[in-house]
Amino acid sequence: MIVRVLLFGHYREAAPVPVGTDGLLTADIPEGSTVATLAETISSLDPRLSDLVSRTRVAVGTEFATLETVLSAGDEVAFLPPMSGG
Amino acid sequence: MIVRVLLFGHYREAAPVPVGTDGLLTADIPEGSTVATLAETISSLDPRLSDLVSRTRVAVGTEFATLETVLSAGDEVAFLPPMSGG
Amino acid sequence: MVQLTQDILNPQAAVDAVMTTSDGAYVQFVGVVRSHSRGREVTGLEYQAYVPMAEQQMLRLVGAVREKWGLACAILHRMGYIPVGEAAVVICVASSHRAEAFEACRWAIDTLKNDVPIWKKEFTVDGTFWIEGEDAILTNNKPS
Amino acid sequence: MVQLTQDILNPQAAVDAVMTTSDGAYVQFVGVVRSHSRGREVTGLEYQAYVPMAEQQMLRLVGAVREKWGLACAILHRMGYIPVGEAAVVICVASSHRAEAFEACRWAIDTLKNDVPIWKKEFTVDGTFWIEGEDAILTNNKPS
């Protein structure tokens, strides 16, 4: 199934393909995959993404989720590095 | 000796003679008097001034002083009720 | 910067007085005349000050904030009659670290209320009161 | 009221959004782009946001301040490039009691920094850095 992935901060610039300013990538993962599976897939794409899991919180849609959250086709998954607003 | 006395808040309105908007009274007290002597003199002028000592801090010039502070002729003594600025 | 004035206060003036390009933040406290006090409807306030001492005490507050926290602080206080909705006091502290700016601004307004010789008279629909610390003392006098 | 915008922030808009005539005070925090960071000279910042989630989180902060303290809170945050000296964030809390206004405003900015998905890129004379929490990560990219 296809899910959409959003990267932020320096991870967006480390994405393996040029991403738009919206930071969107797509990934094809098995039906019923969890966030953990997706994170593994993404972090294997580039050495600079290898610490993605340890350095980010994750959101599915606009809600915080966990590595155990089960994904559905079309979900938008955001990997959120430590924030620095304000 | 003559000293000048400044009253504030409701005490200014309780002064025995009309005082200007600057709140100035004058008092004639013995040479070498302390603030305590002056306070006694002032508080005896009107029943509404009787709690002056217990409800005010005192300043000589623009510096906080105590009841024991010795006064000189021409001093300006301010009786400061609990403040309510801000 | 301190200002004790009959004029309408300009909070931005306090900001401009303290901010430099190396400051990352400011915290501002603004006290405003409110429509109710102690259960009574207020129409306005009149502030009386022992002006030379109040100015000196405000300058000392600014000095103390610089000494304790190393921060720039500006204090504006209005005197005379102030209608509901207008500012009576403005305090602004600039800092590169927000925790200290909050702490210093809080300290400045708390200390001002205790140690700067200014008093307010509240005009309410039930009469006019001098506010002296926690006490509200009824007075017969009209606005001066 | 929350606002996430590319435009220059207007601190007074946050004040106007929260103040009513029954409020006696407001506390405002304003974060400004400063000229130095981590020992480097900064020329400007660029803020990136996960916009729909950031707006939702800002609304939740406003809701939490109302729930915890019963106070009105407004939050403005700027996105995109911001030069030194201009405001990046404005938080304003109105109250009749100053202690709570300080506490709530402090809580709101602390929580915003942790839980609102916004990131800043610092342009310095020594290069461009993504700031991710405590980490500053060098990047080759130019302003987008």
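In what follows, chains carry the letters A, B, and so on, assigned in the order in which the sequence lines appear, proteins first and then strands, with residues in each chain numbered from 1. No hydrogens, no waters, no symmetry mates; every other heavy atom, side chains included, goes into these values.
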(message) Could you check whether any side-chain heavy atom of D:E132 comes within less than 4.5 Å of a side-chain heavy atom of A:H10, counting everything from C-beta outward?
(response) yes

(message) Set out, in order, the CA-CA distance, both residues' side-chain angles and the distance that settles side-chain contact (heavy atoms from CB on, under 4.5 Å) for D:V89 and D:L76, then state yes or no.
(response) CA-CA 6 Å; D:V89 62; D:L76 319 181; over 6 Å; no

(request) Give, as side chain, backbone, both or neither, the part of D:I131 having an atom under 4.5 angstrom from any heavy atom of chain A. (result) both

(request) Would you check, one step at a time, whether the test side-chain contact (heavy atoms from CB on, under 4.5 Å) holds for A:T41 with A:V5? (result) CA-CA 11 Å; A:T41 306; A:V5 176; over 6 Å; no

(request) Measure D:A87 against the heavy atoms of chain A and call it side chain, backbone, both or neither at under 4.5 Å. (result) neither

(message) For the aromatic rings, using the six-membered ring if either is Trp, is the centroid distance between D:Y50 and A:F8 under 6.0 Å?
(response) yes

(request) Please tell me if the side chains of D:L4 and D:M79 come closer than 4.5 Å, counting only heavy atoms from C-beta onward. (result) yes

(message) Does any part of the side chain of D:L138, heavy atoms only, come nearer than 4.5 Å to the side chain of D:T128, both counted from C-beta?
(response) no

(request) With a 4.5 Å cut-off on heavy-atom pairs, point out which of A:A78, A:G85, A:A59, A:G61 contacts chain D the most. (result) A:G85

(message) Within the structure provided, determine whether A:V35 and A:L38 are in side-chain contact (heavy-atom separation under 4.5 Å).
(response) no

(message) For a 4.5 angstrom cut-off between non-hydrogen side-chain atoms, does D:V33 reach D:P83?
(response) no

(message) With a 4.5 Å cut-off on side-chain heavy atoms, are D:R38 and D:E122 touching?
(response) yes

(request) Name, in order of residue number, those residues of residues 93-119 of chain D that have a heavy atom at a distance of less than 4.5 Å from a heavy atom in chain A; otherwise write 'none'. (result) D:I109, D:L112, D:K113, D:N114, D:D115, D:V116, D:P117, D:I118, D:W119

(message) For D:Y81 versus D:G44, what's the shortest heavy-atom pair and its separation?
(response) OH-CA, 3.5 Å

(request) Determine the minimum heavy-atom distance between D:L9 and D:P11, stating which atoms define it. (result) O-CD, 3.5 Å

(request) Using a heavy-atom cutoff of under 4.5 Å, enumerate the residues of residues 51-61 of chain D that contact chain A, numbered in order, or state 'none'. (result) D:P52, D:M53, D:Q56, D:Q57, D:R60

